[in-house]
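Before any comments, here is the structure.
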Amino acid sequence: MIKSFVKLISKNNVLEQIRYASQALPQLSSEKYNIKRKTFGTIEPSDVGYFRSILGEERVLTDESDVLPYNIDWIKNCRGQSRVVLKPRSTEEVSTILKYCNDKRLAVCPQGGNTGLVGGSVPVFDEIVISFALMNKIDTLDDLSGALVCEAGCILENLDNYVREHGLIMPLDLGAKGTCHIGGNTSTNAGGLRLLRYGNLHGSVLGIEAVKADGTVIDCLRALKKDNTGYHLKHLFIGSEGTLGLVTKVAIHCPVLPKSVNLGFFGVKNFENVLKLYKSAKSKLGEILSAFEMADFDSIDCTVKNLKLPNPISEYPFYVLVETHGSDEAHDSEKLTRFLASEMETGLIVDGTVASEPAKMQTIWNLRESIAGAGLAGGYVFKYDVSIPLKNYYDLVPILRKRLGDKALKVFGYGHVGDGNIHINVTVPQYTKEVSSLLEPYIFEEVSKVNGSISAEHGIGFRKPMYIHYSKDQSALQLMKDLKQLMDPNGILNPYKVLPDAV
Ligand code: FAD
Ligand code: 2HG
Ligand code: ZN
């Protein structure tokens with residue numbers, strides 16, 4: 001066990017270091033959340049023998065210390081009890097594994113980079129983990145249309161580095177890019193930092209190859225922008241978190257690498273001004289605006305202190321990060337600098353800095369992207385990822401501070417203002433049922449009252465099926481259940497996730 005953690009700590013990655021700083025194992029998910037095992041088959045030595053006959057010794061992990069990291073999620077909230085990890089290298093192998101598991105009623109948990117934040121990527125009981133880590137080949141890139149076709153296990157950052165050499169970028173970017181897989185991104189319909197500009201994966205993903213529970217390979221891997229031939233089946237796999245099929249290949253549209261990139265980091269005195277600034281940025285920066293992110297004082301303070309990262313400006317109640325992607329450096333940087341100057345005059349921006357040098361921009365982005373891991377240093381973090389109408393966007397943060405009082409170390413809010421998506425993090429020394437019950441279902445009730453969504457971009461996973469009804473109507477839930485029944489009649493794909501037990 002220790003061996004695996006040490007191996008991971010040695011990675012030169014500040015977020016990974018924080019994540020594994022504590023050797024304490026999280027409580028078993030089944031105990032913590034009082035879940036009963038469903039009547040699936042139990043893995044026998046003969047099953048392991050079968051998997052070894054297809055994959056060989058090395059791609060079937062059974063040693064406890066090798067399997068452990070696959071049982072624990074990124075925020076160390078969930079812990080499953082899997083005893084087997086399979087590492088297929090091809091769609092055919094995935095298909096053979098699933099056919100066998102379906103025949104024997106063995107449940108499986110697909111896993112990409114295991115950066116998911118809702119416990120969807122790790123087993124709950126003894127589900128077999130199917131890791132996509134070795135399915136990491138790039139098939140084709142058409143640098144004229146921008147269509148990239150690759151296997152599900154390709155790491156997002158590796159893909160971005162690859163397409164950049166061909167004058168393109170990946171249409172999504174997130175703090176977990178160095179670890180998450182494109183198959184995981186697709187399965188969660190990940191949003192990220194530039195959704196405002198490049199849209200979500202239902203728009204960018206051109207095609208998908210997936211394997212159904214019974215092993216049937218569904219080939220929807222077209223790399224066309226337009227294809228209106230019947231039902232748009234690829235969408236079933238985008239955001240279904242491994243419950244309808246396992247994504248093996250993805251065709252995705254990559255936008256052109258912007259010739260000019262500029263970044264502003266601003267101090268703002270209150271949230272009302274953050275919203276006014278957003279309105280102004282849309283109007284004054286128009287077509288070049290690529291990101292509009294906000295973080296409150298505690299988000300940045302916690303990140304600066306816990307991760308020892310520099311804050312390029314002084315301390316303010318709110319911070320706003322504005323990025324532009326354009327094609328004319330002189331024009332774009334002048335536009336952003338003018339925006340800063342004029343909004344300093346109006347008082348919407350109190351202080352700020354604008355950068356176009358890659359190193360300085362990286363320092364600012366690093367600060368923003370590290371907020372997700374910063375709270376973990378304090379012990380335990382309750383994370384909520386909700387969509388709220390902009391006028392109510394920040395309301396819950398002060399309400400929760402009051403509600404929790406000294407039961408929380410910090411309550412902070414940050415997120416993708418451009419998408420109406422706020423991340424609320426509540427840090428505590430350790431998980432307690434008392435704090436949990438003050439937060440849930442309270443937050444979801446409040447979100448539902450303003451017609452928000454209880455999951456903006458992270459998904460439902462293991463943590464939220466019991467709350468999905470706050471954002472999904474009964475009729476929609478029934479259709480989800482019908483689709484699940486059709487595509488996975490034995491329920492072996494990622495059980496205990498997404499769908500509530502009773503609809
Ligand atoms: P995993 O965590 O391994 O899996 C996620 C889900 O997808 C699970 O249900 C799993 O079973 C399923 N799955 C994985 N691969 C497959 C497959 N091939 N076929 C079928 N199902 C599969 N998310 C955002 O949306 N926006 C952000 O800005 C963002 N920032 C983050 C920053 C940090 C520091 C961290 C740790 C996480 C962040 N996330 C963000 C959450 C997470 O990175 C995304 O949900 C990501 O898309 C998960 O990809 P993954 O490969 O790690 O998938
Ligand atoms: C982000 O935007 C991620 O940084 C993570 O979606 C959010 O951890 C979180 O709360
Ligand atoms: Zn986010």
Side-chain angles (χ1 to χ4, degrees), residues 13-16 18-19 70 73-75 78 88 91 94 98 108-123 127 129-133 135 151-156 172-195 200-201 208-211 237-250 291 293-295 299 303 365 368-376 381-387 412-417 419 421-427 455-463 493-498:
N13 177 328
V14 74
L15 291 176
E16 288 294 320
I18 288 292
R19 178 185 173 201
Y70 297 84
D73 68 341
W74 196 85
I75 54 169
C78 294
T91 304
V94 174
L98 281 187
V108 303
C109 172
Q111 192 176 95
N114 196 11
T115 65
L117 297 172
V118 286
S121 53
V122 290
E127 299 88 88
V129 175
I130 301 185
S131 163
F132 283 87
M135 289 185 61
E151 289 184 327
C154 291
I155 290 176
L156 179 60
L172 79 163
D173 187 11
L174 46 149
K177 58 180 158 277
T179 313
C180 64
H181 296 179
I182 193 69
N185 299 148
T186 308
S187 303
T188 53
N189 185 26
L193 305 161
R194 296 197 185 85
L195 187 141
N200 76 20
L201 291 176
I208 276 184
E209 177 192 79
V211 184
F237 302 103
I238 302 173
S240 55
E241 302 178 62
T243 59
L244 296 182
L246 269 50
V247 175
T248 44
K249 287 191 180 180
V250 176
E293 300 277 310
M294 84 96 199
S299 304
T303 311
W365 269 123
R368 161 63 186 89
E369 292 175 21
S370 299
I371 304 172
L376 298 175
V381 188
F382 290 91
K383 284 182 179 280
Y384 301 95
D385 153 51
V386 295
S387 278
F412 53 83
Y414 65 104
H416 317 289
V417 177
D419 316 324
N421 174 191
I422 185 164
H423 299 303
I424 300 176
N425 284 211
V426 178
T427 66
S455 172
E457 58 173 8
H458 296 160
I460 293 294
F462 168 68
R463 285 286 289 108
L493 299 183
N494 225 3
Y496 321 102
K497 318 282 172 63
V498 183

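Each ligand, and each atom within it, is numbered from 1 in the order the structure gives. All of these numbers come straight from a predicted model, not from anything done at the bench.
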Please list, in number order, the atoms of ligand 1 under 4.0 Å from a heavy atom of [X].
X: Leu246; value: 19 (N), 20 (C)
X: Ala190; value: 25 (O), 47 (O)
X: Asn114; value: 1 (P), 2 (O), 3 (O), 52 (O)
X: Trp74; value: 36 (C)
X: Gly242; value: 20 (C), 21 (N)

At under 4.0 Å between heavy atoms, which part of Ala372 makes contact with ligand 1: side chain, backbone, both or neither?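 Ala372 to ligand 1: side-chain contact only, backbone stays beyond 4.0 Å.
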Mode of Asn494 contact toward ligand 1 - side chain, backbone, both, neither (heavy atoms, under 4.0 Å):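 Near ligand 1, Asn494 shows its side chain, while the N, CA, C and O stay back.
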Check if [X] has a non-hydrogen atom at a distance under 4.0 Å from any atom of ligand 2.
X: Asp385; value: no
X: Tyr384; value: no
X: Glu293; value: no
X: His416; value: yes

Heavy-atom side-chain contact between [X] and [Y] under 4.5 Å:
X: Phe132; Y: Val94; answer: yes
X: Asp385; Y: Glu457; answer: yes
X: Asn185; Y: Leu156; answer: yes
X: Thr427; Y: Phe412; answer: yes
X: Ile155; Y: Thr179; answer: no
X: Thr188; Y: His458; answer: no
X: Ile182; Y: Leu172; answer: yes
X: Pro123; Y: Val129; answer: yes

Can you name the closest pair of heavy atoms from [X] and [Y] and give their distance?
X: Tyr496; Y: Phe462; result: O-CD1, 3.5 Å
X: Val122; Y: Cys78; result: CG2-CB, 3.9 Å
X: Asp419; Y: Ser387; result: O-OG, 4.5 Å

Taking [X] for its side chain and [Y] for its backbone only, find out whether a donor-acceptor pair lies under 3.5 Å.
X: Ser299; Y: Gly413; value: yes
X: Lys249; Y: Thr91; value: no
X: Asn494; Y: Gly120; value: yes

Counting only nitrogen or oxygen atoms and a 3.5 angstrom limit, does [X] reach ligand 1?
X: Gly116; answer: yes
X: Gly120; answer: yes
X: Gly112; answer: yes
X: Gly113; answer: yes
X: Thr188; answer: yes
X: Leu174; answer: no
X: Glu369; answer: no
X: Pro110; answer: yes
X: Val247; answer: yes
X: Glu241; answer: yes

Applying a strict 4.0 Å limit to heavy atoms, is [X] in contact with ligand 1?
X: Gly461; answer: no
X: Gly245; answer: yes
X: His416; answer: yes
X: Gly192; answer: yes
X: His458; answer: yes

Do me a favour and list the nearest non-hydrogen protein atom to [atom] with residue, atom name and distance?
atom: atom 1 (C) of ligand 2; value: Arg368 NH2, 3.5 Å
atom: atom 7 (C) of ligand 2; value: Tyr414 OH, 3.1 Å
atom: atom 8 (O) of ligand 2; value: Lys383 NZ, 2.6 Å
atom: atom 6 (O) of ligand 2; value: His458 NE2, 2.7 Å

Check for me: within less than 2.8 Å of the Zn ion (ligand 3), which protein N/O/S atoms show up?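 Per the 2.8 Å query on the Zn ion (ligand 3), atoms found are His416 NE2, His423 NE2, Glu457 OE2.
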If I apply the N/O under 3.5 Å rule, does His423 come out as touching ligand 2?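 Yes, since at least one N or O of His423 sits under 3.5 Å from an N or O of ligand 2.
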Tyr414 ring center near His423 ring center (under 6.0 Å):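 Yes: the rings meet the under 6.0 Å criterion.
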Working to the nearest 0.5 angstrom, can you tell me the gap between [X] [atom1] and [Y] [atom2]?
X: Asp173; Y: Leu193; atom1: CG; atom2: CG; answer: 5.0 Å
X: Asn114; Y: Tyr70; atom1: CG; atom2: OH; answer: 9.5 Å
X: Ser187; Y: Leu246; atom1: OG; atom2: CG; answer: 7.5 Å
X: Asn189; Y: Glu241; atom1: CG; atom2: CD; answer: 9.5 Å
X: Leu98; Y: Ile130; atom1: CG; atom2: CD1; answer: 4.5 Å
X: Ser121; Y: His181; atom1: OG; atom2: NE2; answer: 11.0 Å

Could you see which bit of Ile371 sits under 4.0 Å from ligand 2, with heavy atoms only: side chain, backbone, both or neither?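 The answer is neither.
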For ligand 2, the portion of Leu174 having any non-hydrogen atom under 4.0 Å away: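 The answer is neither; Leu174 stays 4.0 Å or more away.
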Stepwise salt bridge (charged side-chain N to carboxylate O under 4.0 Å, His left out) test for Glu293 and Arg368: CA-CA 8 Å; Glu293 300 277 310; Arg368 161 63 186 89; 2.8 Å; yes
Distance under 4.0 Å to a non-hydrogen atom of Ala372: what atoms of ligand 2 satisfy this?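 Listed by number with element, the hits are 5 (C), 8 (O).
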Pull out every atom of ligand 2 sitting under 4.0 Å from any heavy atom of Leu117, numbered as shown with elements.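 Here the atoms of ligand 2 in question are 5 (C), 8 (O).
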Name the option, out of Ser121, Cys180, Gly119, that contains the heavy atom nearest to atom 4 (O) of ligand 1.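 Considering heavy atoms of Ser121, Cys180, Gly119, the nearest to atom 4 (O) of ligand 1 sits in Ser121.
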Using heavy-atom distances, let me know which of Ser187, Ala210, Gly153, Gly415 sits nearest atom 22 (C) of ligand 1.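 Ranked by closest heavy atom to atom 22 (C) of ligand 1, first place is Ser187.
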